[in-house]
Protein chains: 2
Amino acid sequence: MLNQQTPTLPRDCGACPIRHRAVCAQCEAEELEQLDRIKYYRNFEAGQTIVWSGDQMDFVGSVVTGIATLTQTMEDGRTQMVGLLLPSDFVGRPGRSVAAYDVVATSDMVMCCFRKKPFEQLLSVTPAVAQRLLQMTLDELDAAREWMLVLGRKTAREKIASLLSIIGRRNATLNLGAPAGKMVFDLPLTREAMADYLGLTLETVSRQISALRRDGVIVLEGKRRVTVPDFDRLLDEAGDDSDGGLPV
Amino acid sequence: MLNQQTPTLPRDCGACPIRHRAVCAQCEAEELEQLDRIKYYRNFEAGQTIVWSGDQMDFVGSVVTGIATLTQTMEDGRTQMVGLLLPSDFVGRPGRSVAAYDVVATSDMVMCCFRKKPFEQLLSVTPAVAQRLLQMTLDELDAAREWMLVLGRKTAREKIASLLSIIGRRNATLNLGAPAGKMVFDLPLTREAMADYLGLTLETVSRQISALRRDGVIVLEGKRRVTVPDFDRLLDEAGDDSDGGLPV
DNA sequence: CGACTAGTTGAATTGCCTCAACATGGGTGG
DNA sequence: CCACCCATGTTGAGGCAATTCAACTAGTCG
């Protein structure tokens with residue numbers, strides 16, 4: 001089950017697809033070289049657990065391609081997703097040796113890893129990395145707070161619309177410019193994963209997606225491919241004021 | 001309504017009650033002097049709004065005494081608290097000129113403020129401040145994620161128990177050592193503010209507090225003073241495994 | 001062709017919300 | 001000093017949104 005062959009990996013930072021969005025974004029040539037010296041790539045398969053909460057974690061790193069989730073689980077099995085890691089997102093926490101959450105690869109993934117000790121060393125020496133990491137952490141904190149509003153105060157329909165608009169927006173900013181008019185993307189999550197993200201049951205997720213389809217807010221091809229005919233309509237359903245949202 | 005007289009303010013960082021927990025915690029004498037040069041104190045009264053979401057915010061700072069809240073509000077009035085700011089917590093975001101949340105003083109407060117521009121300048125020069133700010137932001141991110149589990153997956157009773165255990169724990173670590181056995185503290189929030197924190201209505205908060213009292217998990221004197229006879233029992237009610245929780 | 005996973009849909013249940021009445025306590029003005 | 005007000009909190013009754021339990025469909029892999 002674990003023996004997919006390693007595909008060709010990026011080797012050169014210059015050709016790296018996340019070069020100007022990841023923790024290394026603000027590095028000059030020399031700093032980049034320092035990072036390059038301690039980096040190594042790791043592949044993970046869809047479904048594979050990267051770290052278990054409570055386990056030793058001796059590396060940090062960036063998602064290069066693919067998607068991972070951060071989840072918390074209670075003793076009785078209730079689970080809540082607390083982070084969705086897309087390409088360029090940072091994994092792990094400098095200054096902590098034990099993972100606080102389960103990290104699971106949702107799709108096949110490539111990560112650019114750094115052994116923790118040397119990375120921490122580097123943090124205290126090269127301000128460019130530390131500054132970028134602070135920026136990214138502040139952005140994640142904002143995203144987490146946005147989600148607290150979703151979890152605490154929105155209805156099931158609004159939650160689904162919020163999730164779709166977030167995914168749509170990140171997709172749009174990644175590919176083209178600003179999100180507008182028509183929009184097509186694939187859901188990177190199962191119904192169950194969406195439920196864990198939104199604090200719902202998978203049945204409720206399924207019902208609300210069906211409802212949004214019935215009402216013409218979205219169009220589905222198969223289970224995963226979503227078309228949004230009118231993005232403003234979706235934002236409206238999410239309960240967001242049309243300009244607002246995450247500065248992702 | 002706004003004319004309470006300014007009480008005696010701390011002036012010297014050496015005597016500051018949050019000296020070794022705030023953003024200045026890791027500063028040496030010289031760095032402290034630099035901070036000292038750009039700092040000023042501000043007082044706020046209970047109930048006063050410090051900044052409105054969307055407003056210009058030209059300072060950042062630390063809570064010295066008192067309590068403030070960070071809240072988000074939807075157009076129809078639904079509100080969600082996304083942060084509870086206690087002494088030593090940091091307010092504001094370097095690199096952003098506009099407030100993302102309403103900041104409201106819940107009690108009378110003293111803040112140690114820095115004009116944003118000079119502070120940002122200082123951030124890029126003195127690593128001690130930047131490093132400490134990163135640490136604090138990572139801690140807040142962890143706290144936010146803990147709350148995502150509370151908001152998304154816990155029952156009303158568990159939510160109340162979680163809030164009480166957090167407040168109790170922060171209180172204990174502030175005063176003595178580890179939280180244990182019996183414990184007494186004052187609730188710093190109204191029922192409504194608790195509801196906004198927990199994604200509940202104030203009636204449900206009131207009912208669940210009454211239920212916990214009836215069941216002997218807590219004892220109340222008046223509306224605000226809480227005694228917890230057995231902290232482990234409270235953690236149990238919160239659905240936390242007895243060791244876990246925030247590394248606050 | 002089963003067997004398994006992911007997703008959809010229905011019916012019954014329930015936990016929390018809504019609406020409403022009442023209780024308490026601190027502050028103010030007559 | 002009492003009467004009154006207003007903010008805060010408590011409690012009850014009924015309704016509803018989301019959950020729970022369950023049956024069924026569609027697609028995939030050996």
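Note: hydrogens, waters and symmetry copies are ignored here, and every other heavy atom, side chains too, is used. Everything quoted here is computed from the prediction, not taken from an experiment. Below, read A as the first sequence line, B as the second, and so on, with proteins coming before strands; counting in each chain starts at 1.
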Protein-nucleotide distance (Glu203(A), atom CD; dT13(C), atom P), rounded to Å: 17 Å
Show me the donor-acceptor pairs within less than 3.5 Å that the side chains of residues 52-74 of chain A make with the rest of the protein, sequence neighbours left out.
{"unit_1": "Ser53(A)", "atom_1": "OG", "unit_2": "Ala100(A)", "atom_2": "O", "d": "3.3"}
{"unit_1": "Gln72(A)", "atom_1": "NE2", "unit_2": "Glu146(B)", "atom_2": "OE1", "d": "3.4"}

Any residue meeting side-chain hydrogen bond (donor to acceptor under 3.5 Å, both in side chains) with Asp215(B), in chain and number order, not counting sequence neighbours: Arg157(B)
Boundaries of the DNA chain D segment in contact with chain B, non-hydrogen, under 4.0 Å: dG9(D) to dA13(D)
Touch class at under 4.0 angstrom, heavy-atom based, for Gly47(A) against every strand present: nothing
pair Ile167(B)-Leu187(B): side-chain heavy atoms closer than 4.5 Å: yes
d(CD, Glu192(A); C1', dT8(C)) in whole Å: 15 Å
Minimum side-chain heavy-atom gap Asp139(A)-Thr137(A) below 4.5 Å: no
Gap between atom CG of Leu234(A) and atom CE of Met183(A) - 0.5 Å precision: 8.5 Å
Any residue of residues 156-163 of chain B with a heavy atom less than 4.0 Å from an atom of DNA chain C: Ala156(B)
Close side-chain approach of Val51(B) and Asp102(B), heavy atoms under 4.5 Å: no
Stretch residues 204-213 of chain A: residues that reach within less than 4.0 Å of DNA chain D through a heavy atom: Thr204(A), Arg207(A)
Any side-chain donor near an acceptor of the partner, Ser162(B) and Ser165(B), under 3.5 Å: no
Atom-pair distance (CG on Leu200(B); C1' on dG15(C)), nearest Å: 11 Å
Between dA6(C) (P) and Asp186(A) (CG): distance, integer Å: 17 Å
Residue Glu203(A) excluded, over 12 heavy atoms near CD under 6.0 Å: yes
Main-chain N/O of Ala238(A) paired to Lys154(A) side chain as donor or acceptor, under 3.5 Å: yes
Aromatic Tyr101(A) / basic Arg145(B) pairing, under 6.0 angstrom, 45° off normal: yes
Helix axis bend for the helix from dC1(C)-dG30(D) to dG30(C)-dC1(D) - C1'-based end axes, five pairs, 10° rounding: 30°
Met111(A) vs Asn43(A) side-chain heavy atoms within contact, under 4.5 Å: no
Check: Leu163(B) and Lys159(B) side chains under 4.5 Å, non-hydrogen atoms: no
Sidechain-backbone polar pair: Arg153(A) side chain, Thr79(B) backbone, donor-acceptor under 3.5 Å: yes
Beyond-backbone contact of Phe44(B) with Arg42(B), side-chain heavy atoms, under 4.5 angstrom: yes
Rounded distance in Å - CZ (Arg153(A)) to C1' (dC16(C)): 12 Å
Leu220(A) CG - dT9(C) P separation (whole Å): 10 Å
Met194(A) CE to dG7(C) P, straight-line distance once rounded to whole Å: 7 Å
Arg225(B) CZ to dT24(C) P, straight-line distance once rounded to whole Å: 22 Å
